[in-house]
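Notes follow the structure.
We count residues from 1, following the sequence as given. Nothing here was measured: the structure is a model prediction, and the numbers come from that model.
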Amino acid sequence: MFSKESIDYLRQAVKQGQVSQGPVDLQILPTTRCNAACVFCPPHLVSKAGSEKFAPRWLQPETDMNFGILDRLMDDLYRMGGLKRIHITGGEPLLYQRIMTVIFLLRRTFPAAEIALVTNGLLLEKFAGALAASGLDRISVSVNAGSESGFEKQSGTPGTNLEKICQGLKLLRKERDKKSGAKPYLSLTLVLNRYNYREVEAALDFGASAGADAVSYIPLMEFAFPGEPARELALAEKEFADFLKEIESLQPRAKKKGIY
């Protein structure tokens, strides 16, 4: 998804006839490994038969990107110019052994680019200090739930995980506040589905208690493969209407708590 800054840049570049040779927005997956098994993630949602026929890459063994390739990629992108936004995702990027090296190198190589990290938050506490000092512009934490039971149902990870994520976010917020800055911006995201559309208020309260700047819902990815169960997670029209009403009703409360 292109950022507003990237779109504005492209429009201006086209007008001036100076369009960049390289990408404007970049998404990096340093690892496909993950410490969760979310029900809406393609490798878990789509059957083996569906993957073999329509997306065999989802059947590939979990792997890490070679650091040398990442290092060379940064040099190549720098020479091409034009990079405005970098999205680090996965898998779970915090499982990548040299993830902090990657983030610091990206920040040093592209000082003006917006750099965002997407994580499930389970390892935030371990990395809080380094992430606060890394120069990241945004950290998006995929909590997908407002309750421990909701998190367990969606992630396949039992235990007090929301509590663990909350502690990590609090520590990250504390480290950020020590610098008297507003970065990294801390956003909680939830993939909207049947498991969480009734937990809007709980998700807002969780975000407030953890020190998040925003709580956002994103669409459920649909896989229109014959015989696949993706639509079982999607909301019916009335359920979606009820969800929107609750979002609207909670706006004043969110504003009072300082949460977008």
Could you go step by step and tell me if L123 and N35 meet the side chain to side chain contact (heavy atoms under 4.5 Å, CB included) rule? CA-CA 9 Å; L123 297 174; N35 48 359; 4.0 Å; yes

Taking it one step at a time, do R253 and E201 satisfy salt bridge (Lys or Arg N to Asp or Glu O under 4.0 Å)? CA-CA 10 Å; R253 184 169 170 182; E201 187 173 4; 2.4 Å; yes

Stepwise side chain to side chain contact (heavy atoms under 4.5 Å, CB included) test for S142 and V118: CA-CA 7 Å; S142 304; V118 179; 3.8 Å; yes

Decide side chain to side chain contact (heavy atoms under 4.5 Å, CB included) for M74 and L106; before the verdict, give the C-alpha distance in whole Å, the side-chain angles of both, and the deciding distance to 0.1 Å. CA-CA 7 Å; M74 292 181 211; L106 284 169; 4.0 Å; yes

Residue pair Y96, F67: steps toward the ring pair (Phe, Tyr, Trp, His ring centres under 6.0 Å) verdict: CA-CA 10 Å; Y96 187 67; F67 180 77; 7.3 Å; no

Taking it one step at a time, do D75 and R79 satisfy salt bridge (Lys or Arg N to Asp or Glu O under 4.0 Å)? CA-CA 6 Å; D75 289 341; R79 284 194 293 270; 5.2 Å; no

Please evaluate residues L59 and E52 with respect to the criterion side chain to side chain contact (heavy atoms under 4.5 Å, CB included), reporting the C-alpha separation (whole Å), side-chain torsions for both, the decisive distance (0.1 Å), and the verdict. CA-CA 7 Å; L59 296 175; E52 285 176 343; 3.2 Å; yes

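D64 and T31 share a side-chain donor-acceptor pair at under 3.5 Å. Remark: the N144 side chain and the N196 side chain contain no N/O donor-acceptor pair separated by less than 3.5 Å.
Residues D71 and L105 are in side-chain contact: their nearest non-hydrogen atoms beyond the backbone lie under 4.5 Å apart. Under the 4.5 Å side-chain criterion, counting only non-hydrogen atoms from C-beta, I259 is not in contact with D213. Side chains of L172 and F127 form no contact here, defined as non-hydrogen atoms less than 4.5 Å apart. In this structure, R85 and V24 have side chains that are not in contact, with every pair of non-hydrogen atoms separated by 4.5 Å or more. Between L131 and M100 there is a side-chain heavy-atom pair separated by less than 4.5 Å. Side-chain contact check for L192 versus L220: every heavy-atom pair is 4.5 Å or farther apart. In this structure, I28 and I86 have side chains that are in contact, with non-hydrogen atoms separated by less than 4.5 Å. Using a 4.5 Å cut-off on side-chain heavy atoms (C-beta onward), R176 and K183 make no contact.
R72 CZ: 12 or fewer foreign heavy atoms inside a 6.0 Å radius. Heavy atoms from other residues, nucleotides or ligands lying under 6.0 Å from CD of Q97 number 12 at most. In this structure, K255 places its NZ atom where only 12 or fewer heavy-atom neighbours from other residues, nucleotides or ligands lie under 6.0 Å away.
Take A145 and apply the side-chain contact (heavy atoms from CB on, under 4.5 Å) test, not counting sequence neighbours, and it matches F151, Q154, E199. With sequence neighbours excluded, the residues satisfying salt bridge (charged side-chain N to carboxylate O under 4.0 Å, His left out) with E175 are K178.
Between atom OG of residue S140 and atom CD1 of residue I88 there is a gap of 12.5 Å, rounded to the nearest 0.5 Å. Here the straight-line distance linking atom OG of S51 with atom NZ of K48 works out to 10.0 Å at 0.5 Å rounding. S155 OG to F40 CZ: the interatomic distance, rounded to the nearest 0.5 Å, is 8.5 Å. Taking OH of Y195 as the start and CG of L190 as the end, the distance is 15.0 Å to the nearest 0.5 Å. Rounding to the nearest 0.5 angstrom, the gap separating the NZ atom in K245 from the CG atom in L250 is 14.0 Å. The NZ atom of K164 sits 11.0 Å away from atom CG of L124, with the distance rounded to the nearest 0.5 Å.
Not one N or O on the side chain of T160 forms a donor-acceptor pair closer than 3.5 Å with the backbone of E163. No donor-acceptor pair closer than 3.5 Å links the side chain of Q251 to the backbone N or O of E248. Under the 3.5 Å distance criterion, the side-chain polar atoms of K84 are left unmatched by any main-chain donor or acceptor of E114. Without hydrogens or angle criteria, R33 side chain to L95 main chain gives a donor-acceptor distance under 3.5 Å.
Among residues at least two apart or in separate chains, salt bridge (charged side-chain N to carboxylate O under 4.0 Å, His left out) pairs with a member in residues 88-107 are R107-D137.
Hydrophobic clustering (ILVMFWY, side-chain heavy atoms < 4.5 Å, transitive): V215 and Y185 are in distinct clusters. No chain of hydrophobic side-chain contacts below 4.5 Å, direct or via other Ile, Leu, Val, Met, Phe, Trp or Tyr residues, connects V143 to L171. Cluster membership check: L186 shares its hydrophobic cluster with I103, using side-chain heavy-atom separations under 4.5 Å among Ile, Leu, Val, Met, Phe, Trp and Tyr. Residues Y260 and L204 do not share a hydrophobic cluster, clusters being chains of Ile/Leu/Val/Met/Phe/Trp/Tyr side chains in contact below 4.5 Å.
Nearest heavy atoms, S187 versus S216: OG-OG, 4.1 Å. Minimum interatomic distance between G91 and P93 (heavy atoms only, all atoms of both residues): O-CD, 3.4 Å. For G159 against E148, the heavy-atom pair with the smallest separation is O-OE1, 3.3 Å. When every heavy atom of N161 is checked against every heavy atom of P158, the shortest pair comes out as ND2-O, 3.1 Å. Considering all non-hydrogen atoms of both residues, L162 and G146 come closest at CD1-C, 3.8 Å. Nearest heavy atom pair, residue L29 against residue G90, reads CD2-O, 3.8 Å.
Ring pair Y217/F243 is perpendicular by interplanar angle, where above 60° counts as perpendicular and below 30° as parallel.
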